[in-house]
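Input: a single structure, listed below in structure tokens.
What you see is a predicted model, and the numbers here were worked out from it, not measured in a lab. Per chain, numbering begins at 1; letters A, B, ... match sequence-line order.
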Amino acid sequence: MPSEQAKPIPAPEDRGIHEASRREKLAKIGALGHDPWGQRFDGHSAIAALQGRAGEVKLQLADGRTLDLPDPKADAAFDFRAWLAAQGQGELVGPKVRAAGRIVLLRDAGKLKFANIRDWTGDIQILIGKSQVGDDNWALAQCFDLGDLIGVDGTLRRTKTGELTIFAESLTFLSKSIEPPPDKHHGLSDTEQRQRMRYVDLAYNEGVLERFLKRTKIVQSIRSTLGGEGFVEIEGPTLHSVAGGAAARPFITHHNTLDMQLFMRIALELHLKRLLVGGMERVYELGRVYRNEGISPRHNPEFTMLEVYQAYGDYGSMMDLTEKIIVDAIKATGQPFRLPWGESTIDFTPPFTRATYDELFFEHTGVKADDTAGVKALAETIGFDTAGKHPDVIKSEVFEEKVEDALIGPVFVLDYPASICPLTKRKKSNPALAERFELFVEGMEVANAYTELNDPDLQEQLFRTQLAGQNEEDSMAKMDHDFIRALRHGMPPAGGLGIGIDRLVMLLTNSQTIRDVILFPLLREEGRGARGAGRGDDEA
RNA sequence: GAGGCUGUAGCUCAGUCGGUAGAGCAACGGACUUUUAAUCCGUAGGUCUUGGGUUCGAGUCCCAACAGCCUCACCA
């Protein structure tokens, strides 16, 4: 099947004036005896660390005294130049430093060149003076373009305007960028390009790298919280012979040697529960699941899921754990509990609100949840078809329509109608209710937890009922007989929890679309347009 | 899968009523040893996503395709 991974790179003669000029400089760097693709470069400091050393920059006066500098950034009106002049004869001194990074701004000022370089901790200005760095370094600096990676050795000082600057003494070329960077102020704005060329988005768009590093911190924090609570992380199979544990359509794949149809996993649940049977009393997996469903600002076909199971616990244990996971994650990112969300704010200050399904139903609809006729009437007012539906199903549809969007939260919704949660244990005190909670924030379901069903006969029966209700297309979700066999060996009563990691990261990074927290979200193939080769051949 | 919006220089964007393509940044040449979205002078850069159609004439109007975004559905 013909397919293109990306727009083909044009022939060298067609690549335009920008690349041509960069290639000329590339050649010149080589001619000057430097490696345009660089070598190992040790001993450089993170740029943020250099900014932290600003206090080491001093004014050395002619009379031998050394003065600390005021912070020129503390007051916008402060005139560093005038302050320097007022101190009399002297020169600025500072530590020897080495830094490496990408050139993001470049300015010529006669026999001086200013560049701002960026690493993954921050930006810093460097000053290259012809007479200060010598002819060889100066010739090399003439080959710099925006986007190039360079190393600098020099002293950390301030310019006359007070800007913390590395005064270069020698330069090391680390790598050429053949492509021109996007607009130096606006970066890339086209959503499609930002996602396809995430490397450009990360390198040049403000806050993007920071956001993804924050995601990493959140995930690390979750592992650390769970480890601290005595949970062990495992790695279950991602290729399943039966796609179970959730109601979703799987991706289908195939093993050649075994000649066997396989499904990409849609959930982590069934294997984690097998491990409960095996004696792993506190166990979790944090990993990718795949669902062959539509794409939206809150859905990507592959996403990251956390599932946690605790032997001898119940949904209450999971609720406390959920809150701790989130609170710890916010702390780990160094943020306050009140987080910005678009134009508004989400307050994650613990404890989170806990309310029952029925209470919230009444609060947001004005109809008592046990008023079956009233709920049905309300559903019909909304325009739902209620004919032949179980009262709890009608109630659930109304809840999703009227209540969920109003749950700004964070709020734990407890005790769902049992008939819409067949795989959950019922409350001892009220069998009409299931021991289940979901955590909602900004109308978005972030976590879902149950007191898990461990009766193998009941589980099998419910599987069969569930499968009987599915149409032909979904019937590929077959009974997982081995899972039933596992339960027959005795699974401890347990609490189980699932958290959508991408959605949690969205909330903690003020990202309104899931694609902003997934490095490489799924996109259609590039270059399949009308001019694309092969279009039409593979349509049939 | 359905509907709506969008696609113009490497990037960010203008483009009026249908009349022959514009700016800023980036690039190239020049000036400048403390600039900072540097500034100043000059030069070059276009298959207006693609393919049809209407028209004397289409970036602009119509149809289709492709891609992205939004809403809805499936789903978490």
Side-chain angles (χ1 to χ4, degrees), chain A residues 7 15-22 24-25 80-81 84 92 104-116 123-133 138 145-147 157-165 167 177-197 200 204-205 246-250 266-267 289-306 404 438-440 444-448 471 473-474 498-504 506 512-515 521 523-532 535-536 539:
Chain A
K7 283 179 199 162
R15 285 183 211 160
I17 194 165
H18 298 90
E19 179 168 338
S21 106
R22 282 163 184 265
E24 267 175 40
K25 291 173 188 167
F80 187 71
R81 202 185 302 256
L84 272 183
L92 289 171
V104 292
L105 290 172
L106 201 53
R107 302 175 283 286
D108 284 324
K111 306 273 187 296
L112 283 182
K113 214 179 238 299
F114 292 89
N116 292 57
D123 291 7
I124 197 164
Q125 175 171 269
I126 69 175
L127 184 155
I128 304 159
K130 187 182 184 202
S131 64
Q132 288 85 346
V133 297
W138 185 250
D145 283 307
L146 291 175
R157 302 216 294 273
R158 287 189 186 277
T159 60
K160 286 175 183 168
T161 54
E163 182 76 13
L164 190 69
T165 300
F167 285 67
S177 172
I178 296 301
E179 292 279 351
D183 187 282
K184 68 187 179 187
H185 190 54
H186 302 98
L188 278 183
S189 77
D190 182 57
T191 331
E192 179 179 355
Q193 291 207 65
R194 292 181 53 199
Q195 292 172 149
R196 285 196 198 282
M197 299 195 286
V200 176
Y204 297 104
N205 276 41
R249 285 154 64 177
I266 58 173
V289 298
Y290 308 86
R291 297 190 181 177
N292 207 337
E293 307 280 0
I295 295 174
S296 86
R298 293 175 179 193
H299 300 84
N300 192 61
E302 54 177 315
F303 64 103
T304 302
M305 181 89 147
L306 168 70
E404 288 189 0
E438 294 196 318
L439 175 65
F440 279 89
M444 190 156 63
E445 182 193 334
V446 176
N448 188 9
N471 58 35
E473 199 173 32
D474 294 327
I499 296 182
I501 298 300
D502 310 274
R503 289 180 175 183
L504 179 61
M506 284 169 68
Q512 324 292 308
T513 160
I514 200 166
R515 285 175 237 108
L523 293 171
R524 284 178 207 269
E525 267 185 297
E526 192 176 0
R528 281 184 65 199
R531 65 182 161 177
R535 204 191 88 79
E539 293 296 306

Say you pick atom P in B:G53 and the same atom in B:U8; how far apart are they, in whole Å? 24 Å
Figure out the CZ/P separation between A:R298 and B:C70, and round it to whole Å. 12 Å
Would you indicate whether the side-chain heavy atoms of A:L188 and A:Y204 approach each other to under 4.5 Å? no
Between B:A58 and B:C63, how far apart are the two C1' atoms, rounded to whole Å? 15 Å
Ignoring hydrogens and angles, tell me if any N or O in the side chain of A:Q195 forms a donor-acceptor pair with the backbone of A:L523 under 3.5 Å. no
Between B:C66 and B:A73, how far apart are the two P atoms, rounded to whole Å? 24 Å
Tell me whether the side-chain N/O atoms of A:R515 come closer than 4.0 Å to OP1 or OP2 in B:C69. yes
Find the distance A:I124:CD1 to B:U36:C1' and express it as a whole number of Å. 13 Å
When you compare B:C70 with B:C62, how far apart are their C1' atoms, in angstrom units rounded to a whole number? 25 Å
Base, sugar-phosphate, or nothing for A:N205, non-hydrogen atoms under 4.0 angstrom? nothing
Counting N and O atoms only, with roles assigned by atom type, does the side chain of A:T513 sit under 3.5 Å from a partner on the main chain of A:R515, one being a donor and the other an acceptor? yes
Would you tabulate the nitrogen or oxygen pairs shorter than 3.5 Å linking the protein to nucleotides 71-74 of chain B?
{"residue": "B:C74", "atom": "O2'", "partner": "A:E293", "partner atom": "OE1", "Å": "3.0"}
{"residue": "B:C74", "atom": "O2", "partner": "A:E293", "partner atom": "OE1", "Å": "3.3"}
{"residue": "B:C74", "atom": "O2", "partner": "A:G294", "partner atom": "N", "Å": "3.0"}
{"residue": "B:C74", "atom": "N3", "partner": "A:G294", "partner atom": "N", "Å": "3.4"}

Expressed in whole Å, how much space separates the C1' atoms belonging to B:A9 and B:G3? 33 Å
As a test of your reading of the structure, name each stem of RNA chain B as range with range, where a stem is three or more consecutive Watson-Crick or G-U pairs at under 3.5 Å. B:1-7 with B:66-72, B:10-13 with B:22-25, B:27-31 with B:39-43, B:49-53 with B:61-65
Full working for side-chain contact (heavy atoms from CB on, under 4.5 Å) between A:D502 and A:I514: CA-CA 7 Å; A:D502 310 274; A:I514 200 166; 3.6 Å; yes
Report the C-alpha distance between A:R22 and A:L146 in whole Å, list the side-chain angles of each, state the deciding distance to 0.1 Å, and finish with yes or no for side-chain contact (heavy atoms from CB on, under 4.5 Å). CA-CA 10 Å; A:R22 282 163 184 265; A:L146 291 175; 4.2 Å; yes
B:G15 to B:G19 separation - C1' atoms, rounded to the nearest Å: 14 Å
Keeping the roles fixed (side chain from A:D183, backbone from A:H185), state whether a donor-acceptor pair exists under 3.5 Å. yes
If you find the nucleotide of RNA chain B closest to A:L523 and the one closest to A:R503, which residue's nucleotide is nearer the 5' end? A:L523
A:M305 vs A:I499 side-chain heavy atoms within contact, under 4.5 Å: no
Would A:E445 and A:R503 count as a side-chain contact (heavy atoms from CB on, under 4.5 Å) if you check the C-alpha gap in whole Å, the side-chain angles of each, and the deciding distance to 0.1 Å? CA-CA 8 Å; A:E445 182 193 334; A:R503 289 180 175 183; 4.2 Å; yes
Base, sugar-phosphate, or nothing: which does A:E445 touch, judged by heavy atoms less than 4.0 Å apart? sugar-phosphate
Rounded distance (Å) that lies between atom P of B:G7 and atom CG of A:L188: 17 Å
Heavy atoms from C-beta onward define the side chain here; which of B:U12, B:A67, B:A76 lies closest to that of A:A246? B:A76
Measure CD/A:E525 against C1'/B:U50 and give the value in whole Å, please. 17 Å
Under-4.0 Å side-chain N/O to phosphate OP1/OP2 contact, A:R524 with B:C66: no
A:R194 side chain near A:N205 side chain, heavy-atom distance below 4.5 Å: yes
Close side-chain approach of A:Q193 to A:V200, heavy-atom, < 4.5 Å: no
Same-atom distance (P) from B:A27 to B:U20, integer angstrom: 32 Å
Footprint string (nucleotides 21-34 of chain B, 5' to 3'): B base within contact, S backbone only, - free, heavy atoms under 4.0 Å: ---BSBSS---BBB
Under 4.0 Å, counting only non-hydrogen atoms across every strand here, what does A:G498 touch: a base, just sugar-phosphate, or nothing? nothing
Taking the C1' atom of each, how far is B:U16 from B:A2, in whole Å? 35 Å
Given A:N116, which partner from the list A:K184, A:R107, A:E163 fulfils the side chain to side chain donor-acceptor pair (under 3.5 Å) test? A:R107
Do A:D108 and A:F114 make a side-chain contact, defined as non-hydrogen atoms from C-beta onward lying under 4.5 Å apart? no
Note: for A:Q512 and A:D502 on RNA chain B, the residue whose nearest nucleotide lies more 5' is A:Q512
Could you tell me the separation between the CD atom of A:Q193 and the P atom of B:U49, rounded to a whole number of Å? 14 Å
B:U35 phosphate, OP1 or OP2: any side-chain N/O from A:Q125 under 4.0 angstrom? no
Counting any heavy atom closer than 4.0 Å, what does A:Y204 reach on the DNA or RNA strands: base, sugar-phosphate only, or nothing? nothing
Quickly work out the A:D123 CG to B:A37 P distance and round it to whole Å. 13 Å
Write down the distance between CG (A:L105) and C1' (B:C11), rounded to a whole number of angstrom. 14 Å
Contact check, side chains of A:M506 and A:M444, non-hydrogen atoms, under 4.5 Å: yes
Beyond-backbone contact of A:T165 with A:I124, side-chain heavy atoms, under 4.5 angstrom: no
Starting at atom CZ of A:F80, determine the distance to atom C1' of B:U35, rounded to an integer number of angstrom. 15 Å
May I ask you to evaluate whether A:R107 reaches the phosphate of B:A38, defined as a side-chain N or O under 4.0 Å from OP1 or OP2? yes
